[in-house]
Amino acid sequence: MYHTWMRFFTPGPVHHRLGLVCLGVGLQYGALPAVGPRTLDHHVAVVVSAGGGWYQHPDGRRTTVTAPALLWLTPGVPHHYAPDPATGWDEGFVDFTGPATATYTELGCIEPERPVVPLADAATPRGVITRIARAARRDNPLLEVETAAAVHELLVALHRARADLTPDGDQVLRALARDACTPMTVAEHAARHGMTLPELRAAVRRGAGCSPKDYLLGIRLGRAKELLAATDLPVAAVARRVGYDDPAYFSRLFTRRTGMPPVRFRAQQGRTVPGGWSDRVPDPDDPPMIEPPGAL
């Protein structure tokens, strides 16, 4: 005995320009029949939140699936899977497609080479799938836009839920973020964590989908933008605050990455006012509280 509910959509050309579109969503549980062997022309994320079963690879090997787990079904790759007929499983699935899938794959948020991914917890991804199901009303005028936005959220939630990451995110990434504005080379960061350069690169690629250099640079430039927008510090002082002793190099790097020099960014985004922040900005981890009108 099993229960199933599913909806399928046909987004128009304008929706496809969003980069990702949702093609369908389903919620099923029980001793579901086997799926495949089959091959699809789009992606499917199958989140198994209870029970277990098996997944058969194109070469005939079978991998045991134990909840919580994620099955990646990717275009052009044959797949065959089923829950244990004695116990069944509880699954939610989302079909999706779009050019942004290539970028999410490059960032490690979609993993074609890992069709079965153990999850630490399926609750958050399952919650996103449930919201997609609730949006799937035939009278919802924003159905395609709402479900497309949720697919982006689902990919992030699935990446965070992987069992090979700690609940708070990879500890190496957290440490790199903490020390990002310290004037250290990538090699020095690796040595601080007792890792070789290849080990650090693999850890950052696995957790953030990019190189350590790009990960650190993103944090540094984000902090530089905050300082430029919210303080009147000279550009040279901003450069030093984010780890660059050479302000000319910092300006070239900032311009190359953002498309404008620091002084122009400040002219567009500057928010300094008399009595406001003059030489510092709030710690991102400790934002200021804005009291409502009339509050004591």
Side-chain angles (χ1 to χ4, degrees), residues 102-114 117-121 124 152 155-231 233-262 265-266 269 277 279-287:
T103 303
Y104 275 110
T105 300
E106 183 179 352
L107 291 171
C109 293
I110 298 173
E111 301 180 280
E113 72 285 356
R114 294 180 67 197
V117 181
L119 300 178
D121 183 8
T124 300
H152 288 274
L155 294 178
V156 174
L158 289 170
H159 188 71
R160 289 188 180 278
R162 284 170 22 188
D164 60 343
L165 297 178
T166 64
D168 293 329
D170 190 283
Q171 295 303 309
V172 171
L173 294 180
R174 291 172 64 86
L176 287 177
R178 182 192 64 226
D179 299 331
C181 294
T182 303
M184 297 168 57
T185 66
V186 173
E188 288 170 336
H189 279 288
R192 171 173 286 193
H193 298 292
M195 305 172 76
T196 65
L197 269 174
E199 288 172 340
L200 181 64
R201 291 192 187 105
V204 176
R205 176 68 63 181
R206 183 176 64 249
C210 62
S211 69
K213 181 179 178 181
D214 281 341
Y215 181 72
L216 293 166
L217 182 58
I219 295 171
R220 285 182 168 189
L221 292 183
R223 186 60 170 168
K225 286 181 175 181
E226 295 165 5
L227 291 167
L228 290 166
T231 80
L233 286 171
V235 171
V238 171
R240 287 192 297 271
R241 290 280 188 98
V242 299
Y244 297 101
D245 292 328
D246 183 346
Y249 174 76
F250 164 75
S251 293
R252 291 194 301 271
L253 187 62
F254 188 99
T255 302
R256 187 165 64 246
R257 275 302 186 105
T258 69
M260 66 179 72
F265 178 85
R266 166 169 277 163
Q269 300 293 336
W277 297 102
D279 62 355
R280 62 191 180 94
V281 294
D283 187 322
D285 295 326
D286 184 23

Should [X] and [Y] count as side-chain neighbours, where that means a heavy-atom distance under 4.5 Å?
| X | Y | answer |
| --- | --- | --- |
| Arg223 | Ile219 | no |
| Leu216 | Met184 | no |
| Leu200 | Leu176 | yes |
| Leu217 | Leu253 | yes |
| Thr124 | Arg160 | no |
| Leu107 | His159 | no |
| Cys109 | Val156 | no |

In chain order, what residues pass the side-chain contact (heavy atoms from CB on, under 4.5 Å) check against Pro234, with sequence neighbours excluded?
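Partners of Pro234 under the side-chain contact (heavy atoms from CB on, under 4.5 Å) test: Ala237.
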
Closest non-hydrogen atom pair between [X] and [Y], with its separation:
| X | Y | result |
| --- | --- | --- |
| Thr196 | Glu199 | N-OE1, 2.9 Å |
| Arg220 | Thr182 | NH2-O, 2.9 Å |
| Pro212 | Val186 | CB-CG1, 3.9 Å |
| Val117 | Arg162 | CG1-CG, 3.9 Å |
| Leu158 | Leu119 | O-CD2, 4.2 Å |
| Val242 | Ala224 | CG1-N, 3.7 Å |

Hey, what do you get for OG (Ser211) to CZ (Arg201), rounding to the nearest 0.5 Å?
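Ser211 atom OG to Arg201 atom CZ measures 8.5 Å (nearest 0.5 Å).
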
Starting at CE of Met260, measure out to CD of Gln269 and round the result to the nearest 0.5 Å.
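Those atoms lie 7.5 Å apart.
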
Which residue pairs pass the salt bridge (Lys or Arg N to Asp or Glu O under 4.0 Å) test with at least one member in residues 181-198, sequence neighbours excluded?
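Applying salt bridge (Lys or Arg N to Asp or Glu O under 4.0 Å) to every pair that reaches into residues 181-198, excluding sequence neighbours, yields Asp179-Arg192.
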
In chain order, what residues pass the ring-ring contact (aromatic ring centres under 6.0 Å, His included) check against Phe265, with sequence neighbours excluded?
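Expected list: Phe254.
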
Using atom types as modelled and distance alone, determine if a side-chain donor or acceptor of Tyr215 lies under 3.5 Å from a backbone N or O of Leu173.
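Such a contact is found between Tyr215 side chain and Leu173 backbone.
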
Backbone N or O of Leu233 within a donor-acceptor pair of the Thr231 side chain at under 3.5 Å?
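Yes, because the side chain of Thr231 sits within donor-acceptor range (under 3.5 Å) of the backbone of Leu233.
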
Listing request: all side chain to side chain donor-acceptor pair (under 3.5 Å) pairs with a residue in residues 245-256, at least two apart in sequence or in separate chains.
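Sorted result for residues 245-256: empty, none.
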
Residues which pass side-chain hydrogen bond (donor to acceptor under 3.5 Å, both in side chains) with Arg257, listed by chain and number, not counting sequence neighbours
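Arg257 satisfies side-chain hydrogen bond (donor to acceptor under 3.5 Å, both in side chains) with Asp214 once adjacent residues are dropped.
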
If the condition is side-chain hydrogen bond (donor to acceptor under 3.5 Å, both in side chains), which residues does Arg240 pass it with, not counting sequence neighbours?
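side-chain hydrogen bond (donor to acceptor under 3.5 Å, both in side chains) list for Arg240, sorted by chain: empty.
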
Any luck finding a side-chain donor-acceptor pair between His152 and Tyr104 under 3.5 Å?
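Looking only at side-chain atoms, Tyr104 and His152 do form a donor-acceptor pair, the distance falling under 3.5 Å.
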
